[in-house]
Amino acid sequence: MTDTSNFTFYQRMTLYAAAACFADTVTFPLDLAKVRLQVQSGAKGSGLKYKSLLHTIKTVAKEEGPRALYKGLVPGLQRQMCFASVKFGLYDSVKDFYLGLLHGTSSSSESLASLLFSSPSSEIIASPHSFIVLKKAEEGSNVMVRIAAGLTTGFLAVFVAQPTDVVKIRFQASQGVIGEHRSVAKEYATIVKQEGVAGLWKGTTPNCLRNGFINCGEIVVYDSVKDFFIKKQIMNDNVYCHFSSGAIAGFCATVIASPFDVIKTRYMSAAKGEYSSVTHVALETLKEGPLAFYKGFFPSFYRIATWNIVLWISFEQLKILTRKVRESGVVESTIVRPIHAQSKISSHDE
């Protein structure tokens, strides 16, 4: 996939967070339009304020000012720094851990800190034999291992970043000239005051489901499609491959996650007491017809596909740049060399 075996835990987290923040900034107006389309109630054609992606963007810009298209950007970037760094940054390590359990190269009692704060396979294996076993297992790993890793990191990321997501959606869903939510800090405080600390984790269940599955649609599909293109020599490992893989990943993620996304958005943007539970939101949405779960699908697709394309191209380029900088000697490498490379050096010395 996106080979990060020579990067430390902190370097992986930083690269993914930087790429995700850039992608969020580029696609934020699309995200705001998607949220506005999802939270409005009623059947299609019954006098809805927002009628399409472009109509929503034009209406918001006209009525609330162009700056309103970036309502919630600050908590959005806060979210990506927490969320993307966890769900993407830990994916390789979690995948290797599951592969190790599956093929007997790691133990279920292995330290969680050892799993999370080490680099992927080439740096955590204790012997050359184990390294070879794990690399062969990774090459032949079935998609279920990748899905399990994607679900795991997706769920974990939600618990870390949920408060930032709640605040972001509150900003985006609010209509009117900027100033209703005077600051991000005040919005956090207002939620705690009115709804308690638990209010910051409102909608965690649908968000876990949504992000667990969307993570599979994003990183697992990108992982698999990119590997397929390269191994079948359909494309080389270049920007065209990254663009195509990101677009396919974005489409799959949208199809999988759209129902969860609608429920999550309505629940998290609702006033206190409007909905009694996630099930209540789902039932009320169903009254509008099954297609209500795919409200805002095309804006969501445009946003998620564009976000994935920008994310993966940015990440791959940042990865290449980081390696070039490190190899040029501008910064001193702190990476532990892969076991198989160390073994070759040792055998040569002998």
Side-chain angles (χ1 to χ4, degrees), residues 2 11-38 53-54 56-61 64-89 157-158 160-174 178-179 181-185 187-188 207 210-211 214-215 217-219 222 239 242-243 245-247 249-250 253-254 257 261 264-265 268-269 296 298-322:
T2 54
Q11 287 172 331
R12 296 197 312 275
M13 299 276 276
T14 301
L15 288 175
Y16 278 117
C21 284
F22 179 67
D24 228 37
T25 302
V26 171
T27 63
F28 206 79
L30 297 175
D31 191 37
L32 182 135
K34 178 207 72 172
V35 170
R36 292 292 179 92
L37 286 166
Q38 288 177 334
L53 174 68
L54 290 178
T56 303
I57 292 174
K58 287 171 62 177
T59 301
V60 171
E64 304 172 39
R67 285 180 57 206
L69 294 172
Y70 282 88
K71 269 186 178 179
L73 179 62
V74 172
L77 296 181
Q78 291 173 347
R79 175 182 180 271
Q80 292 301 343
M81 284 187 283
C82 300
F83 186 76
S85 59
V86 171
K87 80 169 184 174
F88 293 132
V158 169
V160 174
Q162 182 70 3
T164 63
D165 206 11
V166 172
V167 172
K168 177 182 81 80
I169 286 180
R170 295 286 177 92
F171 269 90
Q172 290 178 318
S174 66
I178 291 178
H181 297 274
R182 286 189 287 274
S183 72
V184 174
E187 185 62 18
Y188 281 112
N207 211 13
R210 185 249 185 195
N211 282 295
I214 206 172
N215 201 30
E218 288 177 339
I219 193 168
Y222 181 84
V239 70
H242 307 154
F243 180 96
S245 302
T254 309
D261 198 22
K264 178 208 79 166
T265 300
M268 289 168 61
S269 64
F298 287 106
S300 185
F301 166 66
Y302 296 143
R303 190 262 173 181
I304 292 176
T306 304
W307 191 90
N308 271 272
I309 291 167
V310 176
L311 169 79
W312 293 115
I313 291 177
S314 301
F315 173 76
E316 299 283 3
Q317 295 305 309
L318 283 171
K319 187 176 68 174
I320 292 169
L321 178 62
T322 302

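Please read all numbers here as calculations on a predicted model, not as lab measurements.
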Visitor: Which atom names give the shortest non-hydrogen contact between Cys82 and Val160, and what distance separates them?
Guide: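 Result for this residue pair: CB-CG1, 4.0 Å.
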Visitor: To the closest 0.5 Å, what do you measure between CD (Glu316) and CG (Leu321)?
Guide: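 So the gap between those two atoms works out to 13.0 Å.
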Visitor: Does Asp24 come within less than 4.0 Å of Arg79, counting only side-chain N to carboxylate O?
Guide: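 Salt bridge absent between Asp24 and Arg79.
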Visitor: Within this structure, what is the OH-OG1 distance for the pair Tyr302 and Thr254, rounded to the nearest 0.5 Å?
Guide: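 Here the interatomic distance stands at 11.0 Å.
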Visitor: Any heavy-atom pair between the side chains of Arg303 and Leu53 that's under 4.5 Å?
Guide: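 When only atoms from C-beta onward are counted, Arg303 and Leu53 do not touch, as no gap falls below 4.5 Å.
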Visitor: Set out, in order, the CA-CA distance, both residues' side-chain angles and the distance that settles side-chain contact (heavy atoms from CB on, under 4.5 Å) for Arg36 and Thr59, then state yes or no.
Guide: CA-CA 11 Å; Arg36 292 292 179 92; Thr59 301; over 6 Å; no
Visitor: Could you measure the distance from the CD atom of Gln317 to the OG1 atom of Thr322? Nearest 0.5 Å is fine.
Guide: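 Spacing of CD (Gln317) from OG1 (Thr322) equals 11.0 Å.
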Visitor: Taking the side chain as C-beta and beyond, is there a heavy-atom pair between Asp31 and Lys168 under 4.5 Å?
Guide: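 Yes, their side chains come closer than 4.5 Å.
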Visitor: Quick check for you: to the nearest 0.5 Å, what is the distance between Leu311 atom CG and Thr27 atom OG1?
Guide: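 Answer for the CG-OG1 pair, Leu311 versus Thr27, is 10.0 Å.
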Visitor: Could you state the interatomic distance from CD1 (Ile304) to CD1 (Ile214), rounded to the nearest 0.5 Å?
Guide: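 Here the interatomic distance stands at 3.5 Å.
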Visitor: Relative to the ring of Phe315, is the ring of Trp312 parallel (under 30°), tilted (30 to 60°) or perpendicular (over 60°)?
Guide: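 Plane angle over 60°, so perpendicular.
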Visitor: Which atom names give the shortest non-hydrogen contact between Ala20 and Gln80, and what distance separates them?
Guide: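 Closest approach of Ala20 to Gln80, heavy atoms only: CB-OE1, 3.5 Å.
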Visitor: What closest approach, in Å, do Ile309 and Gly246 show between heavy atoms, and which atom pair accounts for it?
Guide: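 Minimum heavy-atom contact is CG1-C, 4.0 Å.
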Visitor: Would you mind reporting whether Lys34 and Asp261 have side-chain heavy atoms less than 4.5 Å apart?
Guide: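 Yes, at least one pair of side-chain atoms sits under 4.5 Å.
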Visitor: With side chains defined as the heavy atoms from C-beta onward, is the minimum distance between Trp307 and Leu30 less than 4.5 Å?
Guide: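 Result no, sub-4.5 Å side-chain heavy-atom pair not found.
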Visitor: Determine whether Pro75 and Phe171 make a side-chain contact, defined as any pair of heavy atoms from C-beta on separated by less than 4.5 Å.
Guide: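 Side chain of Pro75 against side chain of Phe171, heavy atoms only: contact under 4.5 Å found.
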Visitor: Under the ring-ring contact (aromatic ring centres under 6.0 Å, His included) test against Tyr16, which residue among Phe88, Phe83, Phe22 passes?
Guide: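 Exactly one pass, corresponding to Phe88.
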Visitor: In Å, rounded to the nearest 0.5 Å, how long is the span from OG1 of Thr25 to CG of Leu73?
Guide: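 Interatomic distance, Thr25 OG1 to Leu73 CG, rounded to 0.5 Å: 5.0 Å.
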Visitor: Return the minimal non-hydrogen interatomic distance between Ala68 and Leu32, and the atom names on each side.
Guide: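 Nearest pair, atom of Ala68 first, then Leu32: O-CD1, 3.2 Å.
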Visitor: Look at atom OH of Tyr188 and say whether more than 12 heavy atoms of other residues, nucleotides or ligands are closer to it than 6.0 Å.
Guide: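 Atom OH in Tyr188 is crowded, with more than 12 foreign heavy atoms closer than 6.0 Å.
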Visitor: Give me the atom names and distance for the closest heavy-atom approach of Ala19 to Leu318.
Guide: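 So the two residues come closest at N-CD1, 4.0 Å.
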Visitor: Do the side chains of Lys71 and Glu187 get close enough for a salt bridge, i.e. N-O under 4.0 angstrom?
Guide: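 Salt bridge flag = no for Glu187 with Lys71.
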Visitor: Identify the two heavy atoms, one from Ile57 and one from Ala33, that lie closest to each other, and give their separation to 0.1 Å.
Guide: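 Between these two residues, the closest heavy atoms are CG1-CB, 3.9 Å.
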